[in-house]
Engineer: 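Below you will find the structure I want to go over with you.
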Amino acid sequence: MTHSARLAAAFSLVSLLPLPAAAQIDGSLDTTFNPSGGGRMAFAILSRDPAETPGALGWAQVTPFKVLPRGDGSAIVWSNAATPYDLPISAPSVPVAVRILADGTWDPAWGASGGGRTVIYVGEDYAWRGNDAVATPDGGSAVVGTIDNPDGSSDMAVWKFKANGQADSSFGTGGLRRLRRGGLPSDAGKALQLADLDLIGNGLPVPNLLIVAGNVRDGLSGPHGLGLAILGLNGAICSSSVPACGNEIGGDVGQSTEWSLLRIGTQLCPNGADMDVADVTKFDAGVGDAIPVLIRGCGDTAVVKHTVIGNSGAGTWRWMTNSAYANNGRSLVSFGPGFMVDGNALVHAPLPDVPLGNESLVIAGFRAQPDRSQPLMLAARLSRSSFTAVTYDADPPGDSWLSPGAYADTLLRQPDGKLILGGGMALSSWTFGDALLMRLNADLTPDASFGNLSASLPGRQIYGYSIAGSDRDNRANAMALTPDGKLLFAGYAYASNDGNSRYGSVMRVRVEGDRIFANGVDGLP
């Protein structure tokens with residue numbers, strides 16, 4: 001059968017299907033989400049002042065970092081917003097949350113700060129920013145970030161909020177738990193995970209604990225080490241009296257309570273570079289005790305550090321490096337010294353019918369030249385002792401727009417085992433490009449049922465964004481599956497042609513995975 005005949009047969013078959021079942025499920029935009037925007041919506045945060053409402057779209061500097069879907073179809077989108085709004089993108093920013101309703105509109109009634117938003121505020125003498133967030137069982141959210149102090153030091157911090165966006169006063173002090181270690185530390189809270197952990201060693205995991213991962217350094221210069229802390233949903237940090245809480249005693253300045261965190265030395269990067277935590281995950285219950293942490297900034301190597309809560313062999317139950325993994329508890333991904341490799345996202349992605357496959361991990365990021373030019377999307381599957389890494393381009397052969405590259409910034413696993421990478425690609429230069437999604441099969445091959453970028457580039461889909469009649473640069477920085485199986489991704493879209501300001505943007509797309517989540521088909525309530 002010729003290609004044309006196959007297409008004709010396929011279209012004939014589609015025409016016989018009921019209308020909802022024929023809906024596009026290949027990553028196309030869901031036009032029922034903000035119909036006037038065709039599946040897209042944009043929002044602006046114009047001020048850090050909680051008394052000022054955002055109003056209509058205007059110049060802004062907004063970069064989303066997390067999407068948290070809710071059971072009613074809405075989602076909380078956490079972003080960093082530079083303020084005041086007319087400062088460049090590199091200006092100090094503050095974390096801001098908005099609620100996007102299931103129909104793709106901004107909920108003006110949600111939030112604690114007026115104008116449909118919740119703004120995290122610390123104080124005029126400080127700078128602060130968010131890096132990661134998780135949904136909590138009570139319908140709220142917890143956010144991890146960094147507080148920069150007037151003396152040049154910085155601290156890891158965790159904030160907790162109720163479902164309505166109000167600060168949870170039962171958490172820490174007024175909703176804030178600041179991991180202040182004393183002296184002049186240069187700490188940064190980077191990643192957050194909610195997990196059940198067996199801290200005592202009695203086989204009874206404590207539910208709903210927050211794993212906080214960040215960069216730790218004593219003093220204002222030198223390479224960072226890895227810091228991991230455990231918090232309860234009341235903001236209490238794992239006590240120094242419990243060996244499993246870690247190997248370093250800390251105590252908040254001005255408070256008498258002591259707590260412990262796990263601190264791992266500065267030589268986490270094989271080349272001794274200054275590492276930066278990118279992501280943290282946890283194996284499912286019954287799979288393994290390792291808590292993998294993705295580290296970037298290591299030059300030609302992407303690193304996943306494995307830690308474990310368990311018996312050290314001396315009868316002591318503690319949090320330590322997991323020596324069951326190679327390289328002193330490190331999984332290393334490298335293409336050799338002629339490349340630069342960065343991992344940006346990490347998921348637990350078990351494989352069926354493979355020994356130890358339920359411990360398998362996948363990272364996403366990019367591989368580039370040593371100067372970070374010409375990036376290609378990267379996905380790597382990691383076992384205890386080996387890795388398989390693949391790169392992917394986003395430039396169709398013969399395309400007149402020569403792309404300087406593409407990268408993955410976020411990653412998720414569908415319940416059927418397929419993987420979706422989210423990030424961006426450039427069309428002519430890095431001042432112009434589109435958000436990019438790519439779906440992979442479990443073996444990291446492109447899923448040809450997803451995307452329509454090019455027949456020669458299966459599994460990929462790009463998403464343009466037109467604002468005020470111009471096609472603007474935009475990216476995918478965070479994404480999540482909704483309860484009915486669609487995919488929400490958030491990122492930034494340039495608000496001006498000169499690239500000096502950014503809106504937050506949210507898009508919703510249809511994915512084949514929704515057959516797994518819901519009884520029904522796309523197009524039905």
Side-chain angles (χ1 to χ4, degrees), residues 20-21 23-28 30 33 66-76 102 133-137 193-196 207-208 279-288 290 292 294 345-364 379-383 388 390 408 410-423 437-451 458-461 476 478-490 507-525:
Q24 292 177 306
I25 53 173
D26 60 356
S28 299
D30 178 4
F33 181 80
K66 199 70 174 185
V67 176
L68 302 176
R70 297 160 64 121
D72 60 0
S74 67
I76 307 302
V134 295
T136 53
Q193 180 71 223
L194 190 68
D196 300 344
N208 299 322
D279 205 357
V280 62
T281 190
K282 176 70 172 67
F283 289 137
D284 295 338
V287 173
L294 177 62
L346 173 70
V347 296
H348 175 213
L351 285 169
D353 305 321
V354 177
L356 295 178
N358 57 0
E359 288 188 338
S360 184
L361 300 163
V362 172
I363 69 170
R381 183 175 283 278
L382 309 175
S383 69
T388 299
V390 186
T410 181
L411 172 69
L412 62 80
R413 178 184 178 271
Q414 292 184 177
D416 61 357
K418 292 184 178 182
L419 300 147
I420 299 180
L421 285 65
L437 298 182
M438 182 176 184
R439 188 161 70 185
L440 306 175
N441 298 309
D443 62 0
L444 303 187
T445 58
D447 178 8
S449 69
F450 183 91
R460 302 156 176 85
Q461 177 80 294
M479 62 184 179
L481 292 168
T482 62
D484 64 351
K486 297 180 177 67
L487 185 146
L488 276 175
F489 71 85
M507 303 188 205
R508 189 167 71 195
V509 301
R510 303 179 187 277
V511 292
E512 195 172 0
D514 55 7
R515 304 291 182 236
I516 301 164
F517 292 84
N519 294 322
V521 295
D522 289 325
L524 296 179

Engineer: Might you work through the side-chain contact (heavy atoms from CB on, under 4.5 Å) test for Asp196 and Asn208, ending with a clear yes or no?
Structural biologist: CA-CA 5 Å; Asp196 300 344; Asn208 299 322; 4.3 Å; yes
Engineer: Measure across Ala135 and Leu68 and return the closest heavy-atom pair with its distance rounded to 0.1 Å.
Structural biologist: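 Here Ala135 and Leu68 meet closest at N-CD2, 3.7 Å.
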Engineer: Please check this pair: side chain of Arg508 against backbone of Ala102, looking for a donor-acceptor N/O pair closer than 3.5 Å.
Structural biologist: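 Yes, the answer is positive, given that a donor and an acceptor are paired below the 3.5 Å cut-off.
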Engineer: Minimum heavy-atom separation for Ala349 to Arg381, with atom names?
Structural biologist: O-NH1, 2.7 Å
Engineer: Would you name the heavy atoms of Pro483 and Pro69 that are closest together and state the gap between them?
Structural biologist: CD-CB, 4.3 Å
Engineer: Going by the side chain to side chain contact (heavy atoms under 4.5 Å, CB included) test, name the single residue among Thr281, Leu361, Asp279, Val362 that passes it with Val347.
Structural biologist: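 With Val347 as partner, Thr281, Leu361, Asp279, Val362 yield a single side chain to side chain contact (heavy atoms under 4.5 Å, CB included), made by Val362.
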Engineer: Just wondering, do Val390 and Leu440 contact through their side chains at under 4.5 Å, heavy atoms?
Structural biologist: no
Engineer: Nearest 0.5 angstrom please: Asn441 CG to Asp443 CG, how far?
Structural biologist: 5.5 Å
Engineer: Apply the test side-chain contact (heavy atoms from CB on, under 4.5 Å) to residues Phe450 and Val511: give CA-CA distance (whole Å), side-chain angles for both, the deciding distance (0.1 Å), then the verdict.
Structural biologist: CA-CA 8 Å; Phe450 183 91; Val511 292; 4.0 Å; yes
Engineer: Can you find a heavy atom in the side chain of Val67 that is under 4.5 Å from one in the side chain of Thr410?
Structural biologist: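 Of all side-chain heavy-atom pairs linking Thr410 with Val67, none is under 4.5 Å.
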Engineer: Kindly indicate whether the side chain of Leu481, heavy atoms from C-beta on, has any atom under 4.5 Å from the side chain of Pro415.
Structural biologist: yes
Engineer: When rounded to the nearest 0.5 angstrom, what is the spacing between OG1 in Thr136 and CG in Leu194?
Structural biologist: 8.0 Å
Engineer: Do you know the tightest heavy-atom contact between Gly27 and Gln461?
Structural biologist: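 Nearest pair, atom of Gly27 first, then Gln461: O-NE2, 3.7 Å.
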Engineer: Indicate the atoms forming the closest heavy-atom contact of Lys418 with Ser449, along with that distance.
Structural biologist: NZ-OG, 4.1 Å
Engineer: In this structure, which one of Ile420, Leu421, Leu488 forms a side chain to side chain contact (heavy atoms under 4.5 Å, CB included) with Met479?
Structural biologist: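 Among Ile420, Leu421, Leu488, the one that satisfies the side chain to side chain contact (heavy atoms under 4.5 Å, CB included) with Met479 is Ile420.
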Engineer: Atom CG in Leu487, atom OG1 in Thr482: separation rounded to 0.5 Å?
Structural biologist: 7.5 Å
Engineer: Is the shortest side-chain heavy-atom distance between Phe283 and Pro350 below 4.5 Å?
Structural biologist: no
Engineer: So do the side chains of His348 and Pro292 get within less than 4.5 Å of each other, counting heavy atoms only?
Structural biologist: no
Engineer: Walk me through whether Val509 and Phe33 qualify under side-chain contact (heavy atoms from CB on, under 4.5 Å).
Structural biologist: CA-CA 9 Å; Val509 301; Phe33 181 80; over 6 Å; no
Engineer: Let me confirm one number: the CG-CG distance from Leu419 to Leu444, rounded to the nearest 0.5 Å.
Structural biologist: 7.0 Å
Engineer: Could you go step by step and tell me if Leu346 and Val280 meet the side-chain contact (heavy atoms from CB on, under 4.5 Å) rule?
Structural biologist: CA-CA 7 Å; Leu346 173 70; Val280 62; 6.0 Å; no
